Amino acid sequence: GNGCGARNCRSPMTFPIPTTLPKSSLTAKKNAVCTVPSTNCTATTNNGGAVEVEGSGVMTMYGGTISNCSAGTTGGGINLDGPFTISGGVIENCTAATRGGGLYVHSSCAGGTITGNFIIQNCTVGKPNSAGEGGGVYNLGTLTMSGGVVQGCSAGYNGGGVANGGTFTLSGGVIWKNRVTFTGTGNGKGGGIWAAGTTTMTGGYIVNNTVDRNAAYAGVGIYGTKTFNMQGGIICGNRFGGDNGTIGGGVGMDDGSYYN
């Protein structure tokens with residue numbers, strides 16, 4: 001993306017990055033070490049406001065902050081094609097036009113992990129009544145969240161915290177106080193998680209998420225259209241913020257399968 005870099009990312013290979021970067025492309029086609037701060041970066045028409053890792057590139061983030069970055073399409077903070085581990089640091093106040101205000105995981109990613117004390121907060125995707133999905137995270141690959149926090153994020157249409165179109169497992173961590181800002185005709189879905197792929201919950205918390213307006217029953221904590229398998233964890237305190245929400249404050253399913 002047309003970004004500035006990322007602080008405290010590491011992986012087996014290193015290529016040198018200057019201390020000061022212009023707002024130009026930083027695309028890691030192989031594994032990379034990024035050592036510069038990422039603040040106020042913009043990818044106007046591309047992916048990854050701060051960092052885009054393509055192909056087989058492997059990323060490990062264990063600290064640092066990516067803030068106030070934006071992307072014209074996906075991944076306001078980070079856009080990932082390959083495997084990754086994120087165990088610390090912060091992505092905050094980032095925006096994307098269509099998918100993944102904080103983090104976007106491509107379908108080619110066969111193994112992504114969010115764990116530890118990592119935080120995604122106050123990130124947004126789209127505008128109210130727009131097609132924006134995944135205020136904090138949009139996943140099309142294989143992603144496991146065993147720790148960390150996704151909080152205070154918002155989506156214009158689906159998935160205030162997380163939007164999943166791939167395979168997502170929540171085994172720990174917290175998804176809370178996220179919001180779908182949709183107020184137009186139809187349904188805003190999944191204040192916590194919009195589950196359009198295969199979603200499994202074995203632990204963790206989905207709490208205090210909201211959907212501003214819902215014309216029918218589209219699940220505030222989790223809204224699913226495919227498969228949701230709940231084996232553990234806690235879903236509570238999720239609520240409709242608008243006038244017509246009636247069913248599925250915790251979980252709502254539409255043409256999918258729910259196993260508990």
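Small disclaimer: the values here were computed from a predicted structure and weren't measured.
Minimum heavy-atom separation, G77 to I66: CA-CG2, 4.2 Å. Of all heavy-atom pairs spanning G161 and V150, the tightest one is O-CG1, 3.7 Å. Contact detail for E133 and A163: the closest heavy-atom pair is C-CB, 4.1 Å. Listed here is the closest heavy atom pair of A96 and G100: CB-O, 3.4 Å. When every heavy atom of V53 is checked against every heavy atom of V58, the shortest pair comes out as CG1-N, 4.4 Å. Minimum heavy-atom separation, V207 to N238: C-OD1, 3.5 Å.
Atom CD in E52 sits 7.0 Å away from atom OG1 in T74 (nearest 0.5 Å). Note that the SG atom of C153 and the CD1 atom of I175 stand 10.0 Å from one another [nearest 0.5 Å]. Rounding to the nearest 0.5 Å places CH2 of W176 at 10.0 Å from CG of N209. We find the CG-SG distance between N208 and C236 to be 6.5 Å, quoted to the nearest 0.5 Å.
Residue pairs meeting the salt bridge (charged side-chain N to carboxylate O under 4.0 Å, His left out) criterion with at least one member in residues 148-160: none, sequence neighbours excluded. Under the side-chain hydrogen bond (donor to acceptor under 3.5 Å, both in side chains) criterion, the residue pairs touching residues 83-96 are E92-Q121, with sequence neighbours excluded.
A 4.5 Å side-chain heavy-atom check between T144 and S171 finds at least one atom pair inside the cut-off. For the pair M230 and I222, the minimum side-chain heavy-atom distance is 4.5 Å or more. Looking at T98 and Y157, their side chains never come closer than 4.5 Å, going by heavy atoms from C-beta outward. Under the 4.5 Å side-chain criterion, counting only non-hydrogen atoms from C-beta, F228 is in contact with V251. A heavy-atom distance below 4.5 Å is found between the side chains of I78 and M59. Contact check for L170 versus V162: no side-chain heavy atoms found under the 4.5 Å cut-off. The closest side-chain heavy-atom distance from K189 to V180 is not below 4.5 Å.
Hydrophobic clustering keeps Y205 apart from F118 (ILVMFWY residues linked when any side-chain heavy atoms are closer than 4.5 Å, directly or through intermediates). By the rule that hydrophobic residues join a cluster once side-chain heavy atoms approach within less than 4.5 Å of another member, L103 and V149 end up as members of separate clusters.
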**OP:** Go through the steps for H106 and N79 under the test side-chain contact (heavy atoms from CB on, under 4.5 Å), then give the verdict.
**Re:** CA-CA 8 Å; H106 194 270; N79 197 92; 5.5 Å; no
Subject >> Step-by-step side-chain contact (heavy atoms from CB on, under 4.5 Å) determination, L143 to C109 >> reply: CA-CA 8 Å; L143 174 63; C109 176; over 6 Å; no
**OP:** Give the intermediate values and the outcome of side-chain contact (heavy atoms from CB on, under 4.5 Å) for residues R99 and L140.
**Re:** CA-CA 10 Å; R99 292 177 171 179; L140 282 176; 3.9 Å; yes
**OP:** In sequence, state the C-alpha distance, the side-chain angles, and the governing distance for T167 and T142, and then conclude on side chain to side chain donor-acceptor pair (under 3.5 Å).
**Re:** CA-CA 5 Å; T167 301; T142 300; 4.6 Å; no
Which donor-acceptor pairs under 3.5 Å do side chains of residues 193-203 form with protein atoms, sequence neighbours excluded?
{"unit_1": "T199", "atom_1": "OG1", "unit_2": "N164", "atom_2": "ND2", "d": "3.0"}

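Of the possible donor and acceptor atoms, one in the side chain of N178 sits under 3.5 Å from a partner among the backbone N and O of G152. At least one donor-acceptor pair under 3.5 Å links the side chain of T181 to the backbone N or O of A155.
Residues N47 and T73 have side chains that bring a donor and an acceptor to within less than 3.5 angstrom of each other.
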